[in-house]
Amino acid sequence: MRTTKLLLPTLKEDPADADVVSHKLLLRAGMLRQVARGIYDFLPLGLRAVHKVARIVREELDLAGCQEVLLPLVSPAELWQESERWDKYGKELLRIKDRHDREFCLGPTHEEVMTDLVRRDVRSYRDLPLNLYQIATKFRDEIRPRFGLMRGREFIMKDGYSFHVDYEDCRREYENMRAVYTRIFRRCGLTFRVVEADTGAIGGSMSHEFQVLAESGEDLILSCSKCEYAANVEKALGKSTGAEPRYGHSTLEKVETPDLRTIDEVSAFMSEPPERFVKTLIYFADGKALAVLCRGDDQISEIKLRALIKCSELRLADGEEIEQLTGAPQGFAGPVAIELRLVADQTLRGCEGMVSGANKKDAHYRGVDHEAHFPDAQFGDVRVAKAGDACLRCSPNAAEPGLLEAHRGIEVGQVFYLGQKYSQPLGATFLDADGNERIMEMGTYGIGITRTVAAAIEQNHDERGIVWPVAIAPYEVVIVATKWDDDAVREASEAIYEELRAAGIDCVLDDRDERAGVKFNDADLVGYPFRITVGPRGLKDGKVECKARTATDADEIAIAEAAGHVASLVRQARG
RNA sequence: CGGGGUGUAGCUCAGCCUGGUAGAGCACUGCGUUCGGGACGCAGGAGCCGGAGGUUCAAAUCCUCUCACCCCGACCA
């Protein structure tokens, strides 16, 4: 492609509406334009990046025995009513009516539609297993779309669903998909982690997320420095390595702490470190109040708490409720003589000499002990794991267990074991070899295609622009002709361009009548992985320059060898 | 939905406080000079000042309502 023919409206200045790097660069590099909040146009180069990711996904999935189908964006309310998600999904599900006043929605995900397809056409165990996927537009009416392509309302997603005769086979495919996804993101040239994840509202009992590591990531993930363990912080297990909370038994002593409510304030006032505090939070679990304890420097994980006490609805009490239940305003709650069910993080088991609120306004206690003051508390892991914790995966057998390290990540893919969550209500059944009707086991596997493009940029950019991994770059090579009105330059550029095209390299010839600086800046902004510079300066010696986007200096190559040289570099880097 | 902010040319923004007939830089068109890291000169095209209502002789500017977009929070496969 020639830049004079290309719709590539690059911008010199950052658009005011964009805040995150990928959004800014996609706009500046002329790849993306916003149409409405969370809804975008893809310009030619942006779309090429999307297609490159999609192609890798297709190749790997087809190789793994998956089959591509295409489901409708619009689906009828009835299907969603069968799975009961019409009522449960909430406002994210954009509902519409047709001219006959029939209800439909724009698909945010396609479990129902795919299960419906399979239940109608698959009757026998002989037809299973089956793994069907599509790469298509999804619509989720997000409360707050943000960060450009990272969280749009309309986006392109690969969603796959597998159907099996039993749990073992479903589990096998789950592991298979986990391996396939690892290959996909590796081929995309991304640095990522596969992490254990909470299954959330979608249900099921097993899930892994694929997290592209980037400073700007919305998710916090923890991974072991020694073993393979990695998990979303929502789910991560770790053992606190701080000092054991045993400061020796002493008698309970009340301390006046006027207007000091936060751990930090009281900690500073009493000259005691936060880890010596018993933090006490009042929750309502399915309508019943309880007090939850953890160390002052820890935080309560509501996901873990919910799982431990097996409740469905969990919320923090408000100021008024706290005063009613503890007899003191917010900030002075403690476990001593409190008349509530107590749940405590296991870190506090056997603690002595702690500090806590006194359930009285402007007062705290010193000398709080597990045995003496909350012997009946239910213990469990309810704290949020953090960097520096010992890894529980290796700690039982290793003398020196690994420590958890924190990374920020962007979730670009996820795999779920679904079981019969959808096949049961929708009646996706088959006849087994003995002629018995059985319910299919299901798994679901998603990749945010457009989000992967954004994540690639978040991870790979510098102050000059995008630094595309070769495998997903819109074009692999740009030929910069520094002086287009020079016959020799033009001829040499055209020759290299034709040779690269013939070699199957995606290349752009910058044939604009622009100054060299403009072309160099655009090339860096757009992020072509390789640049060949053809100018009078080099041609005098029969040479052109070749430079990788990541390199600081260019190599001088003889004109005749340039195309072949760069073509082999590209092939090597495609992955 | 709560809090904060912004809407003026394709982009970035000034003008608004103190009302008086619309500006700059970049981008775009033409001509000339320039030409290896976002050149320069001259000439040009381009705006319902987000929209509606109000106050006023007069509104981009003041008032009311509304819409859109951005950020923080709650929410989220």
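Because only heavy atoms are used, hydrogens play no part in the values below, and waters and symmetry mates are left out as well, while side chains stay in. Chain naming here is simple, since letters A, B, ... match the order of the sequence lines and numbering starts at 1 in each.
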Spell out yes or no: do the side chain of A:R140 and the base of B:C76 have one donor N/O and one acceptor N/O closer than 3.5 Å? no
Quick one: NE2 on A:H23 to CD on A:E458, what's the gap to the nearest 0.5 Å? 11.0 Å
When the distance from CG of A:D219 to P of B:A77 is rounded to whole Å, what number comes out? 11 Å
Output yes when A:E68 and A:R58 qualify as a salt bridge under the 4.0 Å nitrogen-oxygen rule, no when they do not. yes
Looking only at N and O atoms, is any donor in the side chain of A:E13 or the base of B:G25 less than 3.5 Å from an acceptor on the other one? yes
Is a donor-acceptor pair below 3.5 Å formed from side chain A:R37 to base B:A68, judging by atom type as modelled? no
Base, sugar-phosphate, or nothing: which does A:R153 touch, judged by heavy atoms less than 4.0 Å apart? nothing
Sugar-phosphate only, base, or nothing, as touched by A:R28 at under 4.0 Å among non-hydrogen atoms: base
Starting at NZ of A:K12 and ending at C1' of B:A24, how long is that distance when rounded to a whole Å? 15 Å
Classify A:E92 by what it touches in the nucleic acid, base, sugar-phosphate, or nothing, heavy-atom distance under 4.0 Å. sugar-phosphate
Is a donor-acceptor pair below 3.5 Å formed from side chain A:R512 to base B:G38, judging by atom type as modelled? no
Looking for any heavy atom pair under 4.0 Å, which part of the strands does A:G535 touch: base, sugar-phosphate only, or nothing? base
Expressed in whole Å, how much space separates the P atoms belonging to B:U33 and B:C11? 34 Å
Which is true for A:G538 with a 4.0 Å heavy-atom rule: it touches a base, it touches only sugar-phosphate, or it touches nothing? base
So, OP1 or OP2 of B:A68: does either fall under 4.0 Å of a side-chain N or O from A:Q34? no
Could you work out the separation of B:G4 and B:U8 based on their C1' atoms and round it to a whole Å? 22 Å
What is the nucleic acid contact for A:D524, judged by heavy atoms within less than 4.0 Å: base, sugar-phosphate only, or nothing? base
For B:A58 and B:U21, measure between their P atoms and round to the nearest Å. 15 Å
In terms of the nearest nucleotide of RNA chain B, which residue is placed more toward the 5' end: A:Y89 or A:H23? A:H23
Distance check, P atoms only: B:G15 and B:G7, in whole angstrom units. 10 Å
Presence of A:K519 side-chain N/O under 4.0 Å of B:G38 phosphate oxygens OP1/OP2: no
Step through it carefully: locate the ring centre of A:F210, locate the ring centre of A:F185, and say whether they are under 6.0 Å apart. yes
Rounded distance (Å) that lies between atom P of B:G37 and atom OH of A:Y528: 19 Å
Check every strand shown and say whether A:N521 touches a base, only sugar-phosphate, or nothing at a heavy-atom separation below 4.0 Å. base
Taking B:C16 as the reference, what is the distance to B:C62 when you measure between their C1' atoms (whole Å, please)? 10 Å
If you look at every strand shown and take non-hydrogen atoms under 4.0 Å, does A:R315 touch a base, only sugar-phosphate, or nothing? nothing
From the candidates B:G36, B:U12, B:A77, the one with an atom nearest any side-chain atom of A:F416 is B:A77
Please give, in whole Å, the distance from B:C76 P to A:L94 CG? 19 Å
Taking the side chain from A:K519 and the backbone from A:A481, do they hold a donor-acceptor pair closer than 3.5 Å? yes
Checking all strands, does A:E545 fall into the base, sugar-phosphate, or nothing category for heavy-atom contacts under 4.0 angstrom? base
Look at the side chain of A:Q134 and the backbone N and O of A:L71, then say whether any donor-acceptor pair between them is shorter than 3.5 Å. yes
Would the distance check show the side chain of A:R153 and the main-chain N or O of A:R37 forming a donor-acceptor pair, the cut-off being under 3.5 Å? yes
Between CZ of A:F139 and C1' of B:A77 the distance, given in whole Å, is 16 Å
